[in-house]
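Bear in mind that the values here come from a model prediction, so they are computed numbers and not experimental data.
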Amino acid sequence: MDSKIRPIEQIKQIIDDNQIAKKEFKNFVLQGGAGSGKTESLKQILEYITETYPHKRGVCITLTNVAVDEIKARVGGNNNYIVKTIHSFLNDLIKEYKKNIHEVIFEIFKVEKIIRDELVVGEDEKVYIKNEHEKYKKLYGKYSGKLFTTTGEKTSKVIGKREYDKEPLKFNDDLNAEVDKLNLKILEAIESIDYNKVRYNETRYNNFKELSFGHDELLQIASLLFKKHKLLGKIVSDKFDFILIDEYQDTNEKIVDIFLNLIPKSNKTTIGFFGDSMQGIYDNGIGDVEKEIVEEKLIKIEKEDNFRCSDKVIDFINTIRNDGLEQELALKNEETLEDRKGEVKLYYSVFGVKPTTFSGIEEKNKYFETLNRLIIKVSQDNPEVKKLMLTNKSISTELSFGILYQIFNDRYSEVKEEIEKTLERIQLIELYELCSAYKNKNYNFVFLKLKKCGFDLKSVKDKVRIKRFFDVLSNTNQCVSRVLKFAFDNKLIKKSDSYKQYISNKDAFLENLKADDRFKHLEALYVDGGDTSPRMFALDSSVSDEEFVEFEKNIKRKTFYTDLFSDKLKFIEVLNYYNYIDENTLSDYITMHKTKGSGIENVMVVMDEYFWNKYSFKSIYDVHEEDLIKKSKNQKLFYVACSRTIKNLICVRLVSDKEEEKQLLEFFKGFEIEKVVIT
């Protein structure tokens, strides 16, 4: 008989102990891998609290409205506890304290000043100088954008590296002085606005003129208020006896700090976290709470069950985890061990020296041809698989967002991150969400969003207009810029400060280039064949390597802005991209970046970086890897992809040499391995 105390019983014991005055107060984190039934555990705990402590009040907090609906559907309704998103929960807490919000809101609108780093002993001085100028340019861009959206004033072109390097301290001081002046104007403007106007606008964006703030800044303002006013923490603890947080790994660090450090323990509010640190692949989440566990602010409870994956897949993903948790096969009702049989197999081939991000097109194409032949060969032998991989050119072409991908790929190495960051800044994600909600008949979401943008909804005629608008958006062949104008003109979305600042920065940059005779000269050389530093030097010996590097950045940025808002980029490509990310397509290709994705019967994980510098699947099994942060990030992404497998998992990899081959084979030791010869 298993004498081990089950996780649910451990949590119940903590809850019971916390209700006894003489017992030491404890909070907990339930750590469970993919398919472990964490939401079911959450349901059981809520039921236990309701039955055992019927007069106690609680709240269950999660990240998205979809997750709220899922938990409500599985747990049911109850007057003793509420289920909310973190944003809804925090807004309900602070929205009445407008005067207090008004006192701290300057913190989210101010521009940060530049602080020069000290040169570390042994650090490459050239790299240091380059990074300092990059930091200066970044801050200057933020300053000029905020100056324009705040006052309508425009700035001159940011100085180049050569000029900056002559007097870096002077340029930093001058910029900081201008930032101080702007911040004073921002503060004066805020103080002149009635504090009753301040509000959370329930969007991703801040609006300075309205004095409203978006999702991320709601978290920052809540953190500032909790730190400044201890009474707020007491109010929360008086109101709730239990606070349970789902998917803690994706919860912002500031919010974890509120729950663990800014709510008085004397009132005995039990805080419980549910999640999995191995699925924390996004930078804006806390990732793990190991520090809090070490500091004994949380009791760690491990849930080893895996109700999703086959026996072999569980064995394999246990080798990927880096937190010591060993998952075990757990059977669902009426399931047998035979039902959970599956396989894990590695297919690999030796390529030789791989190209890098900076290699030529021919070298990269040769590599991709070999990789694609390997994938095709494995797919022919295993036709019933879904392919999980990093977004790349071939996927983008097949799923009809190739131009969008290429525009970003021509300028950035971290393509996915830059696509999503930019599409959010220029509000294309808002349009996608509206189109998606309308298509899925989530009309309440659509009507609520449109009303907030000033769209009149007074009659049947208005609803007919909405239908016509969304029919147009869903079927248009218009470019992104025209669709955005259509949406703004018809009050489907409202221009955000983020959008205005982005457009201002773009326009200022392009205007400065028009007036830059040296840039125009170099651009002409570039077009005439001087597309590398040696080739340009052959055409004009006055061009240094440093000047070419700076010019190439500018020409890529110019091309990027021009193409992004040109007729070549159609809005349908944006819809296709997001449908791919949300897995709303029938394609066999799926993005790796999907932590809450459902289980997939048979999975092929393509272990290739597609020249994204951020990723290195080799780091997972490379015994010489010293960058533990990079290793951990890649382990987590790989774990998320592999753990979606229900039955059979296939991994595919091109290796560089015998040394990497040896390490890869050692990593997959105990599982099926096949070396594929690509001819």
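For K98 against K95, the heavy-atom pair with the smallest separation is CG-O, 3.5 Å. Contact record, P355 with E363: CG-O, 3.5 Å, taken as the closest heavy-atom pair. L539 and G530 get closest at one heavy-atom pair: CD1-N, 3.8 Å. The shortest heavy-atom contact between I286 and V289 is CD1-CG1, 4.2 Å. Across every non-hydrogen atom of D288 and Y248, the tightest pair is CA-CE1, 4.1 Å. Closest approach of V606 to M592, counting heavy atoms only: O-CE, 3.3 Å.
The closest side-chain donor-acceptor pair between Q406 and D410 falls under 3.5 angstrom. A side-chain donor-acceptor contact under 3.5 Å links H215 and Y200. Between the side chains of E660 and Y621, a donor-acceptor pair is found at a separation under 3.5 Å. A donor and an acceptor atom, one from each side chain of T357 and N613, are located under 3.5 Å apart. Using modelled atom types, one finds no donor on one side chain facing an acceptor on the other under 3.5 Å when comparing N634 with S616. Judged by distance alone, the side chains of D540 and H521 do bring a donor and an acceptor atom under 3.5 Å apart. Side-chain contact annotation: K631 with N322, donor-acceptor N/O pair under 3.5 Å absent. Between the side chains of E217 and Q220, no donor-acceptor pair of N or O atoms lies under 3.5 Å. Side-chain contact annotation: N131 with Y136, donor-acceptor N/O pair under 3.5 Å absent. A donor-acceptor contact under 3.5 angstrom links the side chains of Y580 and T391, judged on distance only.
Because its NZ or CZ atom is both nearer than 6.0 Å to the ring centre of F611 and within 45° of the ring axis, K364 counts as a cation-pi partner of that residue. A cation-pi contact links K495 to F488, judged by a cut-off of 6.0 Å to the six-membered ring centre and 45° from its axis. Remark: R557 qualifies as a cation-pi partner of F509 under the 6.0 Å distance and 45° angle criteria applied to the six-membered ring. Annotation: cation-pi pair R425/Y502 absent, no NZ/CZ under 6.0 Å from the ring centroid and within 45° of its normal.
Remark: K161 NZ is packed, more than 12 non-hydrogen atoms of other residues, nucleotides or ligands lying under 6.0 Å away.
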